[in-house]
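Some notes on the structure that comes next.
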Protein chains: 2
Amino acid sequence: MGSGLKRQGRVGIRDVAKAAGVSPTTVSHALSGKGRISKRTRNRVIEKAEKLGYKPNRSAQQLVTGNSGLIALYAGNSSTPTGRLTSALPDYPFIMNIAMSASVEAIEQGLSMALSSQTSEASGLLQMGVDGAVIVDPEVKDPVNEEFFEAGLPVVTVGRVLGVPEEMNEHWVDVDHNKVTIEVLEHLKKRGAKRVAVISAPVGPSYVNDSLEGYKAWCESTGQEPIFHTLEGRDYEQETRRVTKVLLDEKDRPDAIFCHLQPVSVEVLRAVIAEGLSVPDEIMVATMSDDNKVNNLDGSGMPDLTGCNLHPEQVAREAVRMLASLIAGEEPANRHVYVPAEITARESTNRK
Amino acid sequence: MGSGLKRQGRVGIRDVAKAAGVSPTTVSHALSGKGRISKRTRNRVIEKAEKLGYKPNRSAQQLVTGNSGLIALYAGNSSTPTGRLTSALPDYPFIMNIAMSASVEAIEQGLSMALSSQTSEASGLLQMGVDGAVIVDPEVKDPVNEEFFEAGLPVVTVGRVLGVPEEMNEHWVDVDHNKVTIEVLEHLKKRGAKRVAVISAPVGPSYVNDSLEGYKAWCESTGQEPIFHTLEGRDYEQETRRVTKVLLDEKDRPDAIFCHLQPVSVEVLRAVIAEGLSVPDEIMVATMSDDNKVNNLDGSGMPDLTGCNLHPEQVAREAVRMLASLIAGEEPANRHVYVPAEITARESTNRK
DNA sequence: ATGAAAGCGCTAACAT
DNA sequence: ATGTTAGCGCTTTCAT
């Protein structure tokens with residue numbers, strides 16, 4: 001026997017049944033909304049259940065339904081270029097946030113969650129009988145997507161899979177990067193920016209496309225000539241310094257730079273200041289990926305960085321909730337969810 | 001019904017029993033090592049089980065044993081000073097590594113794992129019926145420790161709880177920071193260091209004590225005067241620059257600097273180079289916390305940083321394994337486990 | 001609209 | 001040393 005000690009006095013479905021004066025079956029139905037039950041009894045049952053603090057025993061539910069109650073959170077290493085100092089930064093905090101929140105939401109949904117960051121682990125989880133998966137920043141070429149798809153297991157992605165038939169990526173949660181990009185651009189404009197340049201993350205994830213489209217549309221509508229560089233991701237720091245130098249040396253120099261990745265913004269900040277230019281007066285800098293634990297730079301001699309709150313916690317929760325629905329055999333309320341994001345203005349764009 | 005589709009043709013204990021010509025009970029006993037069974041039949045059963053690819057149904061096991069099969073990984077925010085750029089760095093990769101590995105090991109142990117980083121979440125998990133917890137870098141004052149202790153639930157810590165009676169921290173996994181510190185110091189000495197200074201992480205976690213003790217012992221045995229600064233953790237970058245300046249301005253300047261935290265080392269590297277001194281020829285720099293994804297600085301114009309492989313994956317696995325034993329009601333093989341660590345020499349200490 | 005009964009896959013008393 | 005029996009707490013036919 002384990003340390004379980006047979007959870008003393010835990011209230012079960014029978015206790016609720018007795019208290020409500022009905023059968024266990026009725027309680028089950030009332031709580032799951034499956035059978036046909038009169039409103040009155042249902043409410044009575046629910047009330048009693050809450051009053052007694054009834055929590056269904058997940059093991060029993062899983063045993064009878066045949067589910068394992070386990071889901072995988074797969075955050076592939078795709079977007080984690082290895083071997084460089086700064087390259088680790090954009091991903092860890094974001095994935096940590098997602099993982100923590102997803103884990104909590106999973107618990108609340110009666111599921112538990114296994115993390116995996118490698119293809120082999122993910123396959124292992126499949127073998128172990130997970131009920132479904134959340135895949136963060138999915139890649140088309142990643143075999144994990146296909147494996148789950150072929151196994152017929154429900155998958156919810158965070159970010160869309162670009163370039164595949166819709167039925168292979170039916171369910172996703174995403175941030176409206178297009179919209180938040182435009183919000184940032186408008187903010188910069190309002191603060192007096194005349195020419196806004198963009199330093200983009202390497203192509204691949206859908207958010208890069210989305211943001212760049214937003215930028216192009218905004219340029220079109222405002223008549224500004226688009227100026228953007230897409231990083232290759234081999235060496236963020238070096239590339240960023242190079243690109244920044246190029247931007248600053250242009251005859252018609254941009255007076256605001258918007259970067260997708262937070263560490264890139266920091267490097268831009270460094271480079272701009274090193275060049276003897278003032279932030280935000282001569283150049284404003286903003287980032288899309290933001291981490292409030294990280295962007296507050298005071299004490300480092302650099303201005304706090306304007307960023308976007310992409311609400312990773314909410315993204316994670318929505319994804320897990322959607323997956324839970326799918327596992328329960330329900331059609332989720334929405335198959336596509338956009339989580340709103342908004343700018344967090346700080347010192348680096350506070351031009352007066 | 002869920003998508004579980006009643007796991008078709010899944011081999012159960014009865015199938016194994018039939019194949020081995022014994023009863024289900026015997027199979028159960030043979031596989032768990034509980035009852036008294038002859039060696040011969042046990043082996044036969046095990047063989048058949050493997051051949052048929054038998055995997056026990058966790059839900060059924062949990063239902064009957066009364067365990068939830070869920071453990072908590074609690075990595076408190078203690079060691080994560082907030083609000084500063086670099087302060088996020090030391091923790092995220094380490095905790096990510098721990099979390100991922102722990103998660104995988106949990107699965108292998110038939111458990112699943114919920115992440116939590118906040119007291120409230122951890123309490124929530126307790127209410128939800130977790131079977132035990134792994135607590136990373138525990139703090140004495142953290143209520144989470146006590147809550148679990150009082151609930152009588154098994155806890156394994158990663159790092160020791162300092163200053164509490166032994167029975168409140170019976171089970172832990174730790175890295176031998178004392179030993180690895182001395183290994184680094186010896187390495188530096190061998191490379192020609194005459195005076196080694198240490199910049200220590202803020203006090204609290206046991207590893208800080210352990211490493212500093214190692215340093216003091218080493219100083220005593222080599223006759224070097226100890227030179228160390230302990231960061232307060234308010235602003236790593238600024239503090240580090242200040243401390244480094246002080247060290248470099250001493251008349252009898254140290255020619256090697258060992259830091260606990262990787263981002264601190266990077267800042268030291270910057271400061272030393274900015275001061276016009278060469279690494280490793282004039283000053284060697286090394287770090288204790290290391291991340292191979294992060295310490296490889298080439299391309300940034302700075303030498304790769306010598307660090308220590310603290311084997312976070314192994315630490316996590318040991319901790320989960322120990323916890324699994326405790327949950328199963330067994331006395332674990334060891335109540336204290338030291339995971340070996342070793343230096344990873346790189347360019348920043350490669351003085352010829 | 002509600003309930004009785006069967007059983008998910010496993011473990012653990014209690015025989016033998 | 002091995003088998004028999006009785007559930008763990010829940011869902012789900014199938015009656016009523």
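In what follows, chains are A, B, ... by sequence order, proteins preceding strands, each numbered from 1. This structure is a prediction, so every number in the text was calculated from the model and none was measured.
Across the interface with DNA chain D, nearest-nucleotide mapping of A:A60 and A:R36 shows A:A60 to be the residue nearer the 5′ end.
Distance B:L63 CG to D:dC8 C1': 4 Å, rounded to the nearest Å. If you take CD1 of B:I13 and P of D:dG7, they are 19 Å apart, rounded to a whole angstrom. A:K18 has its NZ atom 15 Å from the C1' atom of D:dC10, to the nearest Å. Atom CZ of B:R58 is separated from atom C1' of D:dG9 by 20 Å (rounded to the nearest Å). Rounded to whole Å, the distance from CG on A:L31 to P on C:dT2 is 14 Å. A:N67 places its CG atom 12 Å from the C1' atom of D:dT11, with the value rounded to the nearest Å. Note: CD (B:Q62) to P (D:dC8) measures 17 Å, nearest angstrom. Counting to the nearest Å, the C1' atom of C:dA12 and the NZ atom of B:K34 are 10 Å from each other.
For A:Y54, the listed nucleotide lying nearest its side chain is D:dC10; candidates were D:dT5, D:dC10, C:dC10. In this structure, the nucleotide among C:dG9, D:dT4, D:dT11 sitting nearest to the side chain of A:V64 is D:dT11. Set against D:dC10, D:dT11, C:dA12, the side chain of B:H29 has C:dA12 as its closest nucleotide.
Going from atom CZ of A:R44 over to atom NZ of A:K51 covers 12.5 Å, rounded to the nearest 0.5 Å. We find the CE-CD distance between B:M168 and B:E150 to be 7.5 Å, quoted to the nearest 0.5 Å. To the nearest 0.5 angstrom, A:T65 atom OG1 is 7.5 Å from A:D131 atom CG. Taken to the nearest 0.5 Å, the CZ atom of A:F148 stands 13.0 Å off from the OG1 atom of A:T157.
A donor-acceptor contact under 3.5 angstrom links the side chains of A:D142 and A:Y74, judged on distance only.
Put simply, the side chain of A:L31 reaches to within 4.5 Å of the side chain of A:Y54, judged on heavy atoms.
If you check residues 37-50 of chain B against DNA chain D, the residues with a heavy atom closer than 4.0 Å are B:I37, B:S38, B:T41, listed by number.
Between B:Q61 and C:dC10 there is no side-chain N or O to OP1 or OP2 distance below 4.0 Å. Between B:T26 and D:dT2 there is no side-chain polar atom (N or O) within less than 4.0 angstrom of OP1 or OP2. Between B:S28 and C:dT11, a side-chain N or O to OP1/OP2 separation shorter than 4.0 Å is present.
Between B:M113 and B:A99, the shortest heavy-atom contact is CE-O, 3.7 Å.
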